Amino acid sequence: MGEAPAFVVDDLPESFSNGFDLKLKTNRTRTIVGNKEYVIGGIDDESTSTIGVRIFDNSIGEWVIPTVLGTKPKPFKGHSAKLLKEDRILVVKENSNLVDSAWFLEVDTQFVRDQKKNFETEVVAWSKGVIGDAEKPIVISGPSGVGKGTLISKLMKEFPAMFGFSVSHTTRAPREKETNGVHYHFTERSVMEEEIKAGKFLEFASVHGNLYGTSIEAVDVVADAGKRCILDIDVQGARSVRASSLEAIFIFICPPSFEELEERLRARGTESEEQIQKRLRNARAELKQRNSLGLFDHILVNDNLDTCYQSLKLLKMYIPAHKMTDLPIDHSASNIDQKILITCSMAEQEKETRNSFVLDLSSVKGGAPGRTRGLKIYAADPSADCINGVKQLS
Ligand SMILES: Nc1ncnc2c1ncn2[C@@H]1O[C@H](COP(=O)(O)OP(=O)(O)OP(=O)(O)O)[C@@H](O)[C@H]1O
Ligand SMILES: Nc1nc2c(ncn2[C@@H]2O[C@H](COP(=O)(O)O)[C@@H](O)[C@H]2O)c(=O)[nH]1
């Protein structure tokens with residue numbers, strides 16, 4: 001903190017366009033938020049291969065290196081920046097594919113304010129802009145041994161392009177046939193506790209004596225791949241997700257009887273006798289909660305596997321996600337902060353039709369440390385004034 005990095009001082013321009021920051025010849029922008037100036041780019045963080053962010057705090061006259069949270073973009077050559085609602089900066093990458101063009105650097109959102117208290121430093125957080133909304137994730141819950149994993153495997157095998165599994169973190173030891181990163185992210189308790197503190201988890205719970213949790217990233221990578229996310233989590237986790245901003249469908253799987261559940265758990269042969277007893281005790285408590293008001297949308301009994309699987313499919317969760325072209329197109333220009341006209345440099349003959357598009361932020365949701373979803377992008381009239389390749393509607 002304190003000393004001015006040499007890369008910024010000499011060539012920052014004095015003047016700024018209102019809101020849209022000038023793109024400097026050295027590929028960085030400066031955005032003023034209150035008495036702070038956020039400089040994005042110009043120097044990349046070599047340790048993590050991400051674009052650099054520095055803050056000049058005018059109240060103390062010093063440079064500050066912030067703690068950078070969220071999923072960080074890889075270094076990019078050129079970009080424009082625009083302050084939105086005084087709490088986040090929209091960064092539009094140059095020469096990028098449309099689906100990877102919009103990023104948000106949150107500088108004063110609730111998440112950033114909470115993390116500032118946590119880290120006791122300046123904090124900024126990246127959030128990738130994602131076009132459209134993802135289909136609602138599916139939360140599958142139920143006692144250990146009831147067959148959740150078996151049903152999920154069948155669904156993923158039959159519809160591999162439609163469903164993706166949310167790979168949880170856990171502190172339990174891997175079983176013989178489990179692979180790190182596929183079945184779980186097997187994690188040290190101290191590491192997981194740190195990551196929970198850093199706000200990386202959508203939910204977490206102590207289950208049968210170990211810590212389990214769904215990271216925000218685990219859900220986001222599935223949605224980024226255009227798939228519907230399936231979460232296999234316990235009832236405490238389901239409750240937490242229900243209370244979160246993530247809209248999901250909640251399904252509880254019941255055993256035909258307690259005896260059958262015990263039999264399946266034993267037959268699986270993965271747990272010690274002590275663990276089986278613990279899991280059965282917890283199963284009684286979980287079964288009692290299946291009718292908790294407003295918690296589960298559907299309850300299925302897994303007696304015969306094929307019958308239960310057919311019932312699961314009848315819930316019609318495998319409808320494919322809407323294509324981008326299905327999104328409604330709204331051409332009415334309203335709030336300047338919510339619609340931005342972006343112009344790309346393209347070959348002359350293509351200019352008329354493809355060089356301008358509107359980035360519509362009017363229904364974005366989410367944010368750091370997850371994705372910012374609900375962006376709409378559509379073709380626009382290319383005859384507006386341009387500031388550094390990025391245009392505003394007026
Ligand atoms: N309908 C069924 N009839 C008989 N056996 C079943 C049925 N469904 C699953 N099983 C078997 O029961 C055992 C437990 O299933 P599974 O591992 O899928 O349970 P789970 O709910 O995912 O458990 P956990 O919560 O501990 O991960 C497995 O050996 C599986 O093959
Ligand atoms: N709250 C959460 N519960 C989870 C998560 N991942 C798995 N689970 C649940 O834990 C038990 C035991 O699983 P096992 O693999 O050790 O048999 C089971 O009920 C799972 O549904 C999670 O991320 N959060």
Side-chain angles (χ1 to χ4, degrees), residues 137-160 163-196 200-219 221-222 225 227 229-238 240-241 251-287 300 302-306 308-309 312:
I138 297 160
V139 172
I140 299 192
S141 216
S144 175
V146 74
K148 301 181 296 297
T150 308
L151 288 162
I152 292 169
S153 300
K154 280 174 84 68
L155 204 57
M156 305 246 307
K157 201 168 168 197
E158 186 172 349
F159 303 103
F163 295 107
F165 186 60
S166 156
V167 181
S168 295
H169 283 59
T170 181
T171 60
R172 99 157 149 67
R175 293 176 186 143
E176 207 180 315
K177 289 188 180 150
E178 286 179 328
T179 310
N180 190 30
V182 176
H183 298 93
Y184 281 104
H185 298 289
F186 295 100
T187 315
E188 289 291 322
R189 182 174 278 266
S190 58
V191 174
M192 192 161 162
E193 283 172 347
E194 272 307 306
E195 293 185 344
I196 289 170
K200 291 190 178 171
F201 282 81
L202 173 68
E203 65 77 31
F204 60 92
S206 174
V207 189
H208 318 313
N210 281 297
L211 210 50
Y212 292 75
T214 309
S215 71
I216 291 162
E217 183 69 10
V219 175
V221 291
V222 175
K227 297 184 184 185
C229 187
I230 303 187
L231 288 77
D232 173 346
I233 59 178
D234 85 320
V235 174
Q236 304 170 76
S240 304
V241 177
I251 301 170
F252 187 88
I253 311 290
C254 264
S257 68
F258 203 77
E259 292 68 34
E260 172 68 18
L261 179 72
E262 179 165 357
E263 210 166 289
R264 285 183 198 170
L265 208 44
R266 288 190 188 285
R268 191 171 70 181
T270 50
E271 263 67 43
S272 66
E273 182 57 29
E274 192 191 349
Q275 260 296 320
I276 290 173
Q277 292 305 330
K278 189 180 265 184
R279 284 175 183 242
L280 289 173
R281 272 197 304 279
N282 291 339
R284 288 193 190 280
E286 292 206 292
L287 286 167
L300 298 178
N302 182 18
D303 189 351
N304 176 283
L305 182 60
D306 288 333
C308 185
Y309 180 58
L312 181 65

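For clarity, every value in this text was computed on a predicted model and none was experimentally measured. Throughout, residue positions are numbered sequentially from 1 according to the sequence presented.
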For this session: Show the numbers, then the answer: is there a side-chain contact (heavy atoms from CB on, under 4.5 Å) between V182 and F165?
Result: CA-CA 9 Å; V182 176; F165 186 60; over 6 Å; no

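- Residues E273 and Q277 have side chains in contact (heavy-atom distance under 4.5 Å, counting atoms from C-beta outward).
- R175 and E178 are joined by a salt bridge, as a carboxylate oxygen and a charged side-chain nitrogen come within less than 4.0 angstrom of each other.
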For this session: Test salt bridge (charged side-chain N to carboxylate O under 4.0 Å, His left out) on K200 and E217 and set out the steps.
Result: CA-CA 8 Å; K200 291 190 178 171; E217 183 69 10; over 6 Å; no

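- To the nearest 0.5 Å, the span separating OG on S141 from CD1 on I251 amounts to 10.5 Å.
- Contact of the H208 side chain with the S144 side chain is registered, since non-hydrogen atoms from C-beta on lie closer than 4.5 Å.
- Note on E262 versus R266: salt bridge recorded, some NZ/NE/NH1/NH2 to OD/OE distance being below 4.0 Å.
- The main-chain N or O of L211 is found under 3.5 Å from a side-chain atom of T170 such that the two form a donor-acceptor pair.
- In terms of heavy-atom proximity, L202 sits nearest to I216 at N-CG1, 3.8 Å.
- If you take CG on L300 and CG on L151, they are separated by 8.0 Å, rounding to the nearest 0.5 Å.
- Remark: aromatic rings of H169 and F201 are close, center separation under 6.0 Å.
- By the 4.5 Å heavy-atom criterion applied to side chains, L287 and P255 are counted as neighbours.
- Residues E158 and F163 form no side-chain contact, since every pair of their non-hydrogen atoms from C-beta on lies 4.5 Å or further apart.
- Side-chain contact between E203 and L231 is absent, with no heavy-atom pair separated by less than 4.5 Å.
- Partner of P143 under the side-chain contact (heavy atoms from CB on, under 4.5 Å) criterion, chosen from N282, L261, L265, V235: L261.
- For R172 and F186, the positive end is not near the middle of the six-membered ring at less than 6.0 Å and at most 45° from its axis.
- In this structure, R264 contributes its side chain and V146 its backbone to a donor-acceptor pair below 3.5 Å.
- Applying the side chain to side chain donor-acceptor pair (under 3.5 Å) test to every pair with at least one member in residues 180-190, sequence neighbours left out, gives no pairs at all.
- With hydrogens and angles disregarded, a donor-acceptor distance shorter than 3.5 Å links the side chain of S257 to the backbone of E260.
- Rounded to the nearest 0.5 angstrom, D232 CG and I152 CD1 are separated by 4.0 Å.
- If you check the side chains of Q275 and R279, you find a donor sitting under 3.5 Å from an acceptor.
- For the pair I233 and T214, the minimum side-chain heavy-atom distance is below 4.5 Å.
- To the nearest 0.5 angstrom, D234 atom CG is 8.5 Å from K148 atom NZ.
- Interatomic distance, CG of N302 versus CZ of F252, reported as 12.0 Å (0.5 Å rounding).
- Rounded to the nearest 0.5 angstrom, L280 CG and K278 NZ are separated by 12.5 Å.
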